[in-house]
K.L.:
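One structure, as structure tokens, below. Some questions next.
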Amino acid sequence: MPSRLDRITRQRLEKLEELRARGINPYPPRFHRSHTTEQAIALLKQTEAGLTEDNEVSVAGRIMAKRPMGKVSFLDLHDNSGKIQLYCHRDLLSKDDLTLLKDIDIGDIIGISGKPFQTKSGEPTIEVKSLTLLAKSLQPLPEKWHGLSDVDTRYRQRYLDLIANPETKSIFQGRSQIITAIRQFLDQRGFIEVETPVLQPSAGGATAQPFVTHHHALDRDLYLRIALELHLKRLIVGGLDKVYELGRIFRNEGLSTKHNPEFTMLESYEAYADYNDVMNMLEEMVYQISQQVLGTDKVEFGEHTISFKPPWPRLELRQAVTEYSGIDFAQYPEADLLRAKMEAIGLEVDPQKNWARLVDELLATFVEPELIQPTFLLDYPVSMSPLAKTKPGRERVVERFEAFAGGMEIANAFTELNDPVEQRKRFMEQQKEHRAEEDEIEETIDEDFLLALEYGMPPTGGLGVGIDRLVMLLTGQTSIRQVILFPQLKEKP
RNA sequence: GGGCCGUUAGCUCAGUUGGCAGAGCACCUGACUUUUAAUCAGGGUGUCGCAGGUUCGAGACCUGCACGGCCUACCA
């Protein structure tokens, strides 16, 4: 028994053969359009204002609705710029075009030429003089006024989501504008954009599980990068004083509404800057982007309104954790002590976690969800931050900040550690701790990075921004999958 | 990984106490010269996510699995 879909598709395939039999190519190589639908409407307004006379246009796009009325047919044609109504009158079309019109289905891509006018009800319309089939559609489109709402299908067949839901299109247009605005902001400040390897012999610059792959010719395992950091700092050593990379990074960890295994990170490094300079730059950058892309510094996010207007509140991490969790981690300087205190207030704590990860858990559990308005938390324990420089006079604290908004971490930055001996020590401590935790992937120390530091890296301020999360905030989306065109999904059986 | 919820036509969704598988859109046939969620008349296309079980009888009840959503865990 054929399914309904098979039947519709079969009917359209038959139509396709009929078209070919009449000498019509259902997939012609080109069509030259003179106007987008938006431009055609603008032209119509000019004509009506008496500013121009000759107003024949040709437009092209997808047919999204068909309203046949005997001698007359109305069609809605959508293109990237918008939509316009087509008016097809039997007496104005050739015999061939009339036959073709009958064969046009919703979903087909066509090109037409004709004259724009306004109907009685004021709808911008083109009186069609000729039409051309540009691509026959063999599949029925999602329903016209509920759109496509099945989340699974929206992600798996994103093109249908884009056709059926205008909101989806505007999210990704927004994403593109945000990334353009970031580039403009950094370029104007004298940064240069660089590209560094995705395939690396060891994945460093963050603590996360990497993806492993294998290079056949070299017969060696390589890792997909988990951060951009170590290569960009090599470039600071090399004298590229202001660099940034907007790049995809990969972390072999769980999926959630805030996590996709591959995501886009902005990292920037500026020689002779420190984390205070970076803080100023970040709040100015996000503010300018929101002004440029949204025309405002305020966005609706879930049930909150977030304002990006600088300056953002700056709060010491210790103070914030104490305030929100009631635990002053500085009073519990050993993992066992802190774990006991956390268990005492009813937290379930993984006994594998070291002290730094326990502090991180306090931060994630009590503080992060509360930070709706943009906020900087500063001065992290050194054991949480192996790549950051210690704060003068405070051995256990580094010059590091994380920026939060909408209850999510959106940026991480520090005054970069440039002492090669100290850096080696920190790497080795980290390695020891991870061995104690029996991590699956053995951490290898990036010797080449340490060698680079030994040649001398100037004092530097570094920044990492999760672009997908920034896009979530600026477009008001609460799931990361809504801002990634093709998010990672399990395979459908 | 754990908990809760969901999966019925191409799409959006109903489906009562376990008793013939439904609607709208889309599609097909016809009418209609400014419609716009066009309207009117007619047509019905399904592995009820998958596999078992209970029952005279399962879309519905039970078990397992798959996929998705939300929460949670890891993380950015």
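If you're wondering where the values come from, they're calculated on a predicted model, not measured in any experiment. Reminder, nothing fancy here: chain letters follow the sequence lines and each chain counts from 1.
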K.L.:
So A:E368, base contact, sugar-phosphate only, or nothing? Heavy-atom distance under 4.0 Å.
P.N.:
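Answer is nothing: A:E368 stays at 4.0 Å or more from every strand.
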K.L.:
May I ask you to check whether over 12 heavy atoms, not counting those of A:K169, lie within 6.0 Å of atom NZ?
P.N.:
yes
K.L.:
Quick check on salt bridge (Lys or Arg N to Asp or Glu O under 4.0 Å): which of A:K66, A:R20, A:R22 does A:D103 satisfy it with?
P.N.:
A:R22
K.L.:
Has the side chain of A:S149 got a donor or acceptor atom sitting under 3.5 Å from an opposite partner on the base of B:U12?
P.N.:
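Under the 3.5 Å cut-off, the side chain and the base do not form any donor-acceptor pair.
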K.L.:
Taking NZ from A:K102 and P from B:C32, how many angstroms apart are they, rounded to a whole number?
P.N.:
12 Å
K.L.:
Counting the atoms with a prime plus P, OP1 and OP2 as sugar-phosphate, which does A:F263 contact under 4.0 Å by heavy atoms, base, sugar-phosphate, or nothing?
P.N.:
base
K.L.:
Quick one: stems involving RNA chain B, counted as three or more successive Watson-Crick or G-U pairs, both distances short of 3.5 Å.
P.N.:
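Output for stems: B:1-7 with B:66-72, B:10-13 with B:22-25, B:27-31 with B:39-43, B:49-53 with B:61-65.
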K.L.:
Looking across every strand, which nucleic acid part, if any, lies under 4.0 Å from A:L470 by heavy atom: base, sugar-phosphate, or nothing?
P.N.:
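Nothing, no nucleic acid heavy atom in range.
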K.L.:
Work out how far the C1' atom of B:A38 is from that of B:G24, and round it to whole angstrom.
P.N.:
16 Å
K.L.:
Quick check: any donor-acceptor pair below 3.5 Å linking the side-chain of A:E123 to the base of B:U35?
P.N.:
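No such pair is found, so the answer is no.
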K.L.:
Just checking A:D468: base, sugar-phosphate only, or nothing, at a heavy-atom cut-off of under 4.0 Å?
P.N.:
nothing
K.L.:
Look at all strands and tell whether A:N412 reaches a base, only sugar-phosphate, or nothing, counting heavy atoms closer than 4.0 Å.
P.N.:
nothing
K.L.:
Could you list the residues that satisfy salt bridge (Lys or Arg N to Asp or Glu O under 4.0 Å) with A:E409, not counting sequence neighbours?
P.N.:
none
K.L.:
Checking all strands, does A:K83 fall into the base, sugar-phosphate, or nothing category for heavy-atom contacts under 4.0 angstrom?
P.N.:
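If one applies the 4.0 Å heavy-atom cut-off, A:K83 turns out to touch nothing in the nucleic acid.
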K.L.:
Contact class for A:L160 (heavy atom, under 4.0 Å): base, sugar-phosphate, or nothing?
P.N.:
nothing
K.L.:
Give A:F404 one of three labels, base, sugar-phosphate or nothing, depending on what nucleic acid heavy atoms sit under 4.0 Å from its own.
P.N.:
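Nothing, no nucleic acid heavy atom in range.
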K.L.:
Let's test your reading of the model: under 3.5 Å, does the base of B:G10 pair with the side chain of A:E143 as donor and acceptor?
P.N.:
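A donor-acceptor contact between them is absent.
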K.L.:
Just to be sure I understand the rule, does A:G464 reach a base, reach only the sugar-phosphate, or reach nothing, if contact means heavy atoms closer than 4.0 Å?
P.N.:
nothing
K.L.:
Apply salt bridge (Lys or Arg N to Asp or Glu O under 4.0 Å) to A:E284 and list each qualifying residue two or more places apart in sequence or on a separate chain.
P.N.:
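Per chain and number, A:E284 pairs via salt bridge (Lys or Arg N to Asp or Glu O under 4.0 Å) with no residue.
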K.L.:
Side chain of A:R156, heavy atoms from C-beta onward: which of B:G68, B:C27, B:A38 has the nearest atom to it?
P.N.:
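Nearest to the side-chain atoms of A:R156, counting from C-beta on, is B:G68.
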K.L.:
Applying a 4.0 Å non-hydrogen cut-off, can you work out what A:N252 is touching in the nucleic acid: base, sugar-phosphate, or nothing?
P.N.:
nothing
